[in-house]
Amino acid sequence: MADFDAIYQVVSLIPSGRVTSYGAIAGYLGSKGGARLVGWAMNASHGQASIPAHRVVNRNGVLTGKNFFGGNRMQELLEAEGLTIQNDQIQNFHSHFWDPSIELL
DNA sequence: GTGATGACTTGAG
DNA sequence: CCTCAAGCCATCA
């Protein structure tokens, strides 16, 4: 569970209007070779309001877990952050991408 | 302990 | 960017 805590920290450090990918977090932590674990952590943090899981998407910039958020909740949150979502996918995703291993340093 | 599942990633075509 | 296939790790049955 300690791994999940590290993921929670990184996700909670994501600035507003920014998004990151599971692989970026997994790569930053490096300890676990699986981006799936990040997704698992998100699933565990599902009830944590302090965890902006809506800012975490897959490498394609697609809101993979929007279904888990309960409808368009995730998209609405991201749009509220100033992002543009279309077809469950973040537009200009690369510009909004936030890499912990680079931005967090 | 084994097998199956999952909010994923990467490489090749 | 799309599709197919293989890999990785933790959790659950």
Side-chain angles (χ1 to χ4, degrees):
Chain A
M1 294 294 183
D3 313 320
F4 285 17
D5 188 37
I7 296 174
Y8 296 156
Q9 287 295 314
V10 177
V11 175
S12 63
L13 284 170
I14 300 176
S16 199
R18 290 292 179 108
V19 263
T20 189
S21 55
Y22 301 90
I25 299 175
Y28 175 68
L29 298 176
S31 306
K32 310 308 169 201
R36 302 195 119 137
L37 279 306
V38 182
W40 251 103
M42 294 292 96
N43 190 20
S45 71
H46 192 258
Q48 307 288 330
S50 306
I51 311 299
H54 57 268
R55 292 180 188 155
V56 186
V57 297
N58 65 352
R59 73 166 180 99
N60 247 351
V62 181
L63 285 56
T64 44
K66 92 153 207 174
N67 199 13
F68 282 63
F69 261 75
N72 53 351
R73 188 99 145 265
M74 191 173 186
Q75 178 174 335
E76 291 290 300
L77 286 167
L78 287 170
E79 287 182 335
E81 304 269 322
L83 298 176
T84 309
I85 315 296
Q86 200 163 91
N87 194 12
D88 298 342
Q89 187 169 343
I90 299 176
Q91 301 302 299
N92 205 359
F93 170 62
H94 197 75
S95 295
H96 293 296
F97 185 70
W98 181 82
D99 192 344
S101 63
I102 298 177
E103 309 270 342
L104 197 58
L105 282 176

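One can place CG of L29(A) at 15 Å from C1' of dC8(C), the figure rounded to the nearest angstrom. Protein atom CG of D5(A) is 16 Å distant from nucleotide atom P of dA10(C), rounded to whole Å.
Residues T84(A) and N92(A) have side chains not in contact (no heavy-atom distance under 4.5 Å, counting atoms from C-beta outward). In this structure, F69(A) and L63(A) have side chains that are not in contact, with every pair of non-hydrogen atoms separated by 4.5 Å or more. With a 4.5 Å cut-off on side-chain heavy atoms, R55(A) and P15(A) do not count as touching. Side-chain contact between M42(A) and V11(A): present, with at least one pair of heavy atoms (C-beta onward) separated by less than 4.5 Å.
Other residues, nucleotides and ligands contribute only 12 or fewer heavy atoms inside 6.0 Å of the CG atom of N67(A).
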Derivation and outcome, side-chain contact (heavy atoms from CB on, under 4.5 Å), residues H96(A) and E81(A): CA-CA 11 Å; H96(A) 293 296; E81(A) 304 269 322; over 6 Å; no

Protein-to-nucleotide contact annotation, 5' to 3' order, nucleotides 7-13 of chain B [B base; S sugar-phosphate only; - none; under 4.0 Å, heavy atom]: BBSB---

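Partners of E103(A) by salt bridge (Lys or Arg N to Asp or Glu O under 4.0 Å), not counting sequence neighbours, listed by chain and number: R18(A).
Taken together through direct or relayed side-chain contacts under 4.5 Å among Ile, Leu, Val, Met, Phe, Trp and Tyr, W98(A) and I7(A) form part of one hydrophobic cluster.
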Secondary-structure string, 5' to 3', Watson-Crick or G-U under 3.5 Å, | for another-strand partners, for DNA chain B: .|||||.||||||

